[in-house]
2 protein chains.
Amino acid sequence: MENNSCIRQQADIKQINRCKDTVSELSESFDHLANGLSLVGNSVRLKILYLIFEEKRLCVCDLSDILGMNISAISQHLRKMKDRNLLKTEREAQTIFYSLTTEYSTLLNPFFEILDGNKILATT
Amino acid sequence: MENNSCIRQQADIKQINRCKDTVSELSESFDHLANGLSLVGNSVRLKILYLIFEEKRLCVCDLSDILGMNISAISQHLRKMKDRNLLKTEREAQTIFYSLTTEYSTLLNPFFEILDGNKILATT
DNA sequence: TTCTTATTTAAGCAAACACTTAAATACGTA
DNA sequence: TACGTATTTAAGTGTTTGCTTAAATAAGAA
């Protein structure tokens, strides 16, 4: 695994050490953020999140119809996002509605705005 | 693949159709954005991007030292990000420096700010 | 030209991922 | 209770990902 023999002639040792400190300091932050973003970095899940953002709440069945995908496949995507706290659920009789958690709707808002912008462009 | 038999008793047909329209309208935007985010949603690549953001530019060798990873592994991450236009390169003798493209540094700035915030918390 | 340094690329492999099918769970109604 | 609707979960499978090792490319120095 290790091959730290690559010490450039003019490598800036201070810079390297500063960076190493940053990485170890923020190690958990990197993992946590990357973890969340890896979920959003899938077009099916991004669609689901955006649709829920627009419609406030949707159930598996709705999403299955909208995306033309197997209910089971959608359910498994929803579960992942619920497990990592991007989504929360509320039951209403047999139907389970998914909505965004406040924590993540803030984080994801910039992306939804980008998509909203494209929507306007596409319509005109 | 299809199993669109799930038509809820009280499904909102108008809502479903509105959502279908949105999805087909923004189809490419979803793919493009998800594609970009899937790259950032990896802790090694997120670290690389943040370090380059902080230090303005870094080479494979630096990153290999900082992250304690194989040069080849880092190189392959960098290539992916260059291919999808998150990073650009400039050669200086034998050394190739990677830096953020303006297009993506804007998009990624919110995340870097989150990480900066955590850094302050971790330091105090 | 040959050697060293810096980096990329190709091939291989184990782990993670996304989807399918089928079975299980949960709630409501007859 | 038994049945229908809404949803989740488990198991299986093909594809993608991230890393390893080894070979290839590129530029400068001897």
Side-chain angles (χ1 to χ4, degrees), chain A residues 1-12 16 30-31 34-35 37-48 57-84 87-99, chain B residues 1-12 16 30-31 34-48 57-84 87-98:
Chain A
M1 207 230 273
E2 293 308 288
N3 186 15
N4 266 7
S5 58
C6 173
I7 291 144
R8 267 186 307 135
Q9 236 78 8
Q10 7 65 296
D12 182 341
I16 304 281
F30 282 125
D31 290 345
N35 218 327
L37 289 174
S38 72
L39 286 181
V40 191
N42 168 287
S43 71
V44 174
R45 283 192 296 263
L46 183 60
K47 284 171 193 166
I48 291 175
R57 60 174 210 175
L58 289 168
C59 67
V60 218
C61 179
D62 292 331
L63 289 163
S64 167
D65 275 359
I66 295 163
L67 300 175
M69 282 176 65
N70 200 299
I71 293 181
S72 171
I74 301 288
S75 179
Q76 286 172 74
H77 281 302
L78 290 170
R79 186 179 201 288
K80 278 192 183 180
M81 295 194 279
K82 194 192 172 192
D83 282 352
R84 298 201 218 169
L87 294 177
K88 60 181 193 291
T89 54
E90 52 179 331
R91 175 156 229 148
E92 209 160 275
Q94 300 108 303
T95 310
I96 294 169
F97 289 99
Y98 284 81
S99 54
Chain B
M1 207 227 272
E2 293 308 287
N3 185 16
N4 266 6
S5 59
C6 173
I7 291 145
R8 267 187 307 134
Q9 235 79 8
Q10 8 63 298
D12 182 340
I16 303 280
F30 283 125
D31 289 345
N35 218 326
L37 289 173
S38 73
L39 286 181
V40 192
N42 169 287
S43 72
V44 173
R45 284 193 294 264
L46 183 61
K47 283 170 193 167
I48 291 174
R57 61 174 210 176
L58 288 168
C59 67
V60 219
C61 179
D62 291 331
L63 289 162
S64 167
D65 275 0
I66 295 163
L67 300 174
M69 283 176 65
N70 201 299
I71 291 180
S72 170
I74 300 288
S75 180
Q76 288 172 72
H77 281 302
L78 290 171
R79 187 180 200 287
K80 280 191 183 178
M81 296 195 277
K82 195 193 171 189
D83 282 351
R84 299 199 215 169
L87 295 178
K88 61 182 193 292
T89 54
E90 52 180 331
R91 174 155 228 147
E92 210 161 274
Q94 301 110 300
T95 309
I96 295 169
F97 288 100
Y98 285 80

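In the text below, chain A, chain B and the rest are named by the order of the sequence lines, each starting its count at 1.
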Looking across every strand, which nucleic acid part, if any, lies under 4.0 Å from [X] by heavy atom: base, sugar-phosphate, or nothing?
| X | result |
| --- | --- |
| B/F97 | nothing |
| A/K82 | nothing |
| A/T95 | sugar-phosphate |

ask   = Closest to the A/H77 side chain: D/dC19, C/dC19, C/dT8?
value =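 My answer, after comparing the listed nucleotides, is C/dC19.
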key: B/C61, nearest nucleotide to its side chain (from C/dT8, C/dT21, C/dT7)   =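 The answer is C/dT7.
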ask   = Taking five pairs at each end of the helix from C/dT1-D/dA30 to C/dA30-D/dT1, what angle separates the two helix axes (nearest 10°)?
value =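 Terminal axis comparison yields 0°.
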query = Below 3.5 Å, does any donor atom in the side chain of B/Q94 face an acceptor in the base of D/dT25, or the other way round?
reply =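 Answer no: no donor N or O sits under 3.5 Å from an acceptor.
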key: Side-chain-base donor-acceptor pair under 3.5 Å for A/S72 and D/dT9   =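 Indeed there is one.
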Counting just side-chain N and O atoms, does [X] come under 4.0 Å of either OP1 or OP2 of [N]?
| X | N | value |
| --- | --- | --- |
| B/N42 | D/dG18 | yes |
| A/R91 | C/dA26 | no |
| A/Y98 | D/dA6 | no |
| A/K80 | C/dA18 | yes |
| B/N70 | D/dT20 | yes |

Nearest whole angstrom, please: distance from the [atom2] of [N] to the [atom1] of [X].
| X | N | atom1 | atom2 | result |
| --- | --- | --- | --- | --- |
| B/I74 | D/dG18 | CD1 | P | 12 Å |
| B/I48 | D/dC19 | CD1 | C1' | 13 Å |
| B/D62 | C/dT7 | CG | C1' | 13 Å |

Should [X] and [Y] count as side-chain neighbours, where that means a heavy-atom distance under 4.5 Å?
| X | Y | answer |
| --- | --- | --- |
| B/R57 | B/E92 | yes |
| B/D31 | A/S43 | yes |
| B/N42 | B/H77 | yes |
| A/S38 | A/R84 | yes |

inquiry  = Closer than 3.5 angstrom, by distance alone: can the side chain of A/R45 be matched with the main-chain N or O of A/V40 as a donor-acceptor pair?
reply    =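 Absent.
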message = Using only atom types and a distance under 3.5 Å, with no angle test, would you say the side chain of B/T89 pairs donor to acceptor with the backbone of B/Y98?
response =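 No; judged by distance alone, with no hydrogens or angles, the pair does not exist.
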key: Straight-line distance of A/I71 CD1 to A/D65 CG, nearest 0.5 Å   =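 It is 7.5 Å, given to the nearest 0.5 Å.
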inquiry  = Nearest heavy atom decides the nucleotide; on that basis, is A/Q76 or A/E92 closer to the 5' end of DNA chain C?
reply    =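 Residue closer to the 5' terminus by nearest nucleotide: A/Q76.
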